[in-house]
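Okay, so here's the structure we're looking at.
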Number of protein chains: 2
Amino acid sequence: MYQPTSTEENYLKAIYHLSNTGIKSVNTSSIATSMETTAASVTDMLRKLANKEWINYEKYKGVKITRKGEKVALGIIRKHRLWEVFLTNILEFEWDEVHHMAEELEHVSSEELIKRLDKFLGQPKFDPHGDPIPDQTGKMELHDKFNLSAGETGEKYIITGVTDHSTLFLKHLRKYGLLPGVTVSIAEIMDYDKSMLLKINKDKFHLSLEVSKNILIKKYVS
Amino acid sequence: MYQPTSTEENYLKAIYHLSNTGIKSVNTSSIATSMETTAASVTDMLRKLANKEWINYEKYKGVKITRKGEKVALGIIRKHRLWEVFLTNILEFEWDEVHHMAEELEHVSSEELIKRLDKFLGQPKFDPHGDPIPDQTGKMELHDKFNLSAGETGEKYIITGVTDHSTLFLKHLRKYGLLPGVTVSIAEIMDYDKSMLLKINKDKFHLSLEVSKNILIKKYVS
DNA sequence: TACTATTTTTAGATTTGTCTAAATTAATAA
DNA sequence: TTATTAATTTAGACAAATCTAAAAATAGTA
């Protein structure tokens, strides 16, 4: 129906993420925080998005994304994550370097370009951070991730993603080789501060709760 | 000094092209035509570009691009042409399909991205249309091209580019396999309308002057 | 319930890039 | 050289996205 502007795409993406991964209700101020803008700007934009039927919005009552809006958001997320795969796998960037570039590339409009990029990359199901890539219809694999901080001593796990996507955190993990796909086992969990001793092959690392809380894992099945 | 907006980049690119490949002086209306906008909008923008020292501009006296402006323009042209190579060589688009996508991709800002893309593509010197790709400093190969319409009977030539970049023309050439890099020989030139009989390997084509005037060639050296 | 604090919206401005219509300057031709 | 035509610039307005400050609505609490 309508063609979203880059800004509208960014708002819809933020609203989608807040709706799904966030815990709190999607209100004006949470959007303002995540977009690094003011509540007044958000209110203006919400009216526009509602006019175009991408969200349901009632003054003072918060926001709910519509099917149409979700479709737009998933399209952008698909582009973002595919470009991230391109940047890491093909152009050999590190996983903590690609986010900003993908933020620009995701707004390149051609659907055919994304279709071919997807094919060229071998139709990847996850991006370098372990986040699932929606297909053309918006569907994506959602495997049962849980927090490394909830792991148990002696158990083996595969890292599947992160909850903190900041460059600082990703760089930190890279130092220890803690990347999606890597197999780890928990050697010991300290009673005092819930920090843990982690094993990758023969190497051992000491990990604070702060860090383990932001790592997602799934059970290792041999 | 200043960071150009996408719009400013497009104006500088247009002015650069008019300065070099165009015959007429670079005046307000020629820019308006090539940008598909009004003379009034151009005047507004020229003042901005002059303030940022990318052009020299005196009211009613036309425009001359500065060193700084040329540097910006060549940077954009470099990105545009590298993305075109990516789209044709890697994603297997046809040469007449890539222009519009490259117009969007050229505004993605990361210099490091372009550096790596260039490396990944094998540091190509020409884009799919035979246009030279500037290096990081703005230098590019300028081999002595001339018009196919100025070619001589019996001579062998290599196609190096085109002067008409429209989709319609490029599609037309593609039908005959007349792409940059292809070797052709002129079998006959008709006295009456200057149309020519062209040979690629064993195939023969009849080409109007209209078409041959828009094809660039260089001498074949075995 | 009534008061206060917080959140949200409105009002009014700003910036960028655009437009149309009017005014001005330059170019052309009798 | 003067009159007419063409090109260019100015003036004023608009749309998108943003901001600050003020007003209005909601939520929390005594």
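Reminder, nothing fancy here: chain letters follow the sequence lines and each chain counts from 1.
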task: For C:dT9, take OP1 and OP2 only and decide whether either is under 4.0 Å from a side-chain N or O of A:Thr28.
output: yes
Here the distance between atom P of D:dT8 and atom CG of B:Asn27, to the nearest Å, is 4 Å
| Taking the six-membered ring where the residue is Trp, are the ring centres of B:His129 and B:His165 under 6.0 Å apart? | yes
Between its two end axes (five pairs each) the helix from C:dT1-D:dA30 to C:dA30-D:dT1 turns, nearest 10 degrees, through 10°
So the salt bridge (Lys or Arg N to Asp or Glu O under 4.0 Å) pairs with at least one residue in residues 123-143 of chain B (sequence neighbours excluded) are B:Arg81-B:Asp127
Contacts of B:Tyr176 meeting ring pair (Phe, Tyr, Trp, His ring centres under 6.0 Å) (sequence neighbours excluded), chain-then-number -> B:His172, B:Phe205
Between protein and nucleotides 16-19 of chain D, what N or O pairs are separated by less than 3.5 Å?
unit_1, atom_1, unit_2, atom_2, d
D:dA17, OP1, A:Thr5, OG1, 2.6
D:dA17, OP2, A:Lys48, NZ, 3.2
D:dT18, OP2, A:Tyr11, OH, 3.4
D:dT18, O4, A:Asp44, OD2, 3.4
D:dC19, OP1, A:Thr37, OG1, 3.4
D:dC19, OP2, A:Thr37, OG1, 2.4
D:dC19, OP2, A:Thr38, N, 3.4
D:dC19, OP2, A:Thr38, OG1, 3.1
D:dC19, OP2, A:Ser41, OG, 2.4

Ring pair (Phe, Tyr, Trp, His ring centres under 6.0 Å) filter on B:Phe126, not counting sequence neighbours, yields B:His143
Partner of A:Glu53 under salt bridge (Lys or Arg N to Asp or Glu O under 4.0 Å), picked from A:Lys68, A:Lys48, A:Lys71, A:Arg67, is A:Lys68
### Message
With heavy-atom distances below 4.5 Å as the criterion, would you say the side chains of A:Phe93 and A:Met101 are in contact?
### Response
yes
* With a 4.5 Å heavy-atom cut-off, do A:Leu198 and A:Tyr157 have their side chains touching? -> no
Basic-acidic side-chain contact under 4.0 Å: B:Glu111, B:Lys115:
no
Value for CD1 (B:Ile55) from CG (B:Leu46), rounded to nearest 0.5 Å, stands at 4.5 Å
Taking the side chain from B:Lys145 and the backbone from B:Gly130, do they hold a donor-acceptor pair closer than 3.5 Å? yes
Hey, is the side chain of A:Arg47 poking within less than 4.0 Å of OP1 or OP2 on C:dT9, counting only N and O atoms? no
Rounded to whole Å, NE2 of B:His107 lies from P of C:dT16 at a distance of 18 Å
Check nucleotides 24-27 of chain D for protein N or O atoms closer than 3.5 Å to its own N or O atoms and list the pairs.
unit_1, atom_1, unit_2, atom_2, d
D:dA25, O4', A:Tyr60, OH, 3.4

request  = State, yes or no, whether a side-chain contact exists between A:Ile65 and A:Leu49 at a heavy-atom distance under 4.5 Å.
outcome  = no
B:Ile31 atom CD1 is separated from D:dT8 atom P, nearest whole Å, by 9 Å
